[in-house]
Amino acid sequence: MNSSHSSAAPRSPHTFRTVFPVLALCWLAVFFDGMDVNIYGAVMPHMLDDSGLGLTPATAGTIGSWTTFGMLIGALTAGNLTDWLGRRLMLVASVTLFSLGSAICAVAPSVGLFGAGRFVAGLGLGGLMPLCLAMVMEFAPPRRAALTTGLLMTSYHFGGMAATGLGLTLAPAAGWRWVFWAGVLPALVAVPLLLKLLPESPGVLLAHGERAKADAVADRYGLPRPTEVAAPAAGAAGRLAAIRALFRPESRWATPLLWLASFSGLLLVYGVSTWLPQMMRVSGYGLNSSISFLMVINAGGIVGLLIAGRAADRFGAVRVSAIWFVLTAAGALLLKSQLPLGVTYAVVVVTGVFLFSAQVMVYAATNTVYRDSERAAGLGWVTGIGRTGAVVGPWLIGVLATNGNQSWGFTTFALAGLVGAVAIALVPLARRIGRSDAPAAPAPVAATAGLS
């Protein structure tokens, strides 16, 4: 039986063209993810000026952390629900949840209910990212995982730019609540498309015992037919086994380093997304200029991801991520200085080139550490543990703002960049140490098969 499956040739070539529908649908879902995450930062200055709402810098930071706390729960639980529902339905559920959260925010009469809406949105946002990443890595053409991941994540920044555009145009004209009503669009646009067009993961189908469907999807998109090794084990026992596999000898030291790098990267991503406009406003820039910095840094993020994806495919995701983290730290320190407006825009866009893609290349690096059967669990935990950084970032900058030390936020971002650089740079050494601790057989054979 195994020989028949291994000898069957896929009906389609495995290229970007054949898997474009999957990449496009995941791109759309992550676009709305980026829009929802950045909406709060884009309208926060307007919300702080709304005396009827009663938002303060301290509560603004706390609400930002509640959003990312919801993401933490969503990221860590999505994998378990995927065992029962599959990745496609979980993606639909994630999009529906953060659209619902945005609707709650739009009608919230108080800070408390607004915070609850952001928490609900966070539940959906946290589950969506690791699911989309796992999908595109599974469907990506050979040796193009980093580039495909970078292309996917450009959508996050296009979504962030869309949110900033809404903050600059819709919020002053119609009020900040209408910006959150725009956040309901994903449920109306993306959900029908995902239900109709997105295939299920062949590995998940095989884990559910649907061999014929798994092979049919693989053949249609030019993928190798899934094997038992590539399929994630189903059920709670399978999920626990997948978590234990993250600490097998070959990856036991690399796993916590990936977690620390992700913590640092997401502290940067969500700290900047939540607070950059307000931090720049306090630094003396005008309201429109301060909000537009969020659009500029996301534009830099798009360019950075396209560069980082190609560079990582050539030089390795780990090396690129480490260098990008260091350059992010340098950019954060420059932003602490009082610079002319034109120079500040240049520094912001260059910092965006490195900031966001440093974190995305951490995700790409998991592809070199974990086997196929561990990929979804590995990504889920790297993003999930990283979400603690996303919780800490908005909260910490809020505390600094409350105490009048908002400029220290840039120093905090620089330190996070340096910690991330050290953590990701040590991953290759950790893997070498792990391999030396591994039993002679048969574990190295299985591990090598998953990294080809």
Can you confirm whether [X] sits close enough to [Y] that some side-chain heavy atom of one is under 4.5 Å from a side-chain heavy atom of the other?
X    : Y    : answer
F180 : V107 : no
M153 : M129 : yes
P21  : L197 : no
L55  : D50  : no
L257 : I424 : no
F293 : T344 : yes
I385 : S262 : no
M44  : P277 : no

Exercise. F114 and Y40: aromatic ring centres closer than 6.0 Å?
Worked result: yes
For the [atom1] atom of [X] and the [atom2] atom of [Y], what is their distance to the nearest 0.5 Å?
X    : Y    : atom1 : atom2 : value
C132 : W27  : SG    : CH2   : 12.0 Å
L128 : M90  : CG    : CE    : 9.5 Å
N38  : N298 : CG    : CG    : 5.0 Å
Y345 : I297 : OH    : CD1   : 12.5 Å
L23  : L152 : CG    : CG    : 8.0 Å
C105 : W181 : SG    : CH2   : 10.5 Å

Problem set entry | Criterion side chain to side chain contact (heavy atoms under 4.5 Å, CB included) on M135 and L25, from CA distance to verdict | CA-CA 10 Å; M135 284 288 284; L25 288 166; over 6 Å; no
Work out which heavy atom in [X] is nearest to a heavy atom in [Y]; give both atom names and the distance.
X    : Y    : value
P172 : H46  : CG-CE1, 4.0 Å
F410 : A332 : CB-O, 3.4 Å
V347 : G331 : CG1-O, 3.9 Å

Seminar exercise, completed: Taken in chain and number order and not counting sequence neighbours, the residues that satisfy salt bridge (charged side-chain N to carboxylate O under 4.0 Å, His left out) with D49 are R281
Exercise. How would you list, by chain and number, every residue that makes a side-chain contact (heavy atoms from CB on, under 4.5 Å) with A162, sequence neighbours excluded?
Worked result: F31, M35
Problem set entry | side-chain contact (heavy atoms from CB on, under 4.5 Å) partners of S99, counting only residues at least two apart | V95, P186, A187
Exercise. Relative to the ring of W324, is the ring of F354 parallel (under 30°), tilted (30 to 60°) or perpendicular (over 60°)?
Worked result: perpendicular
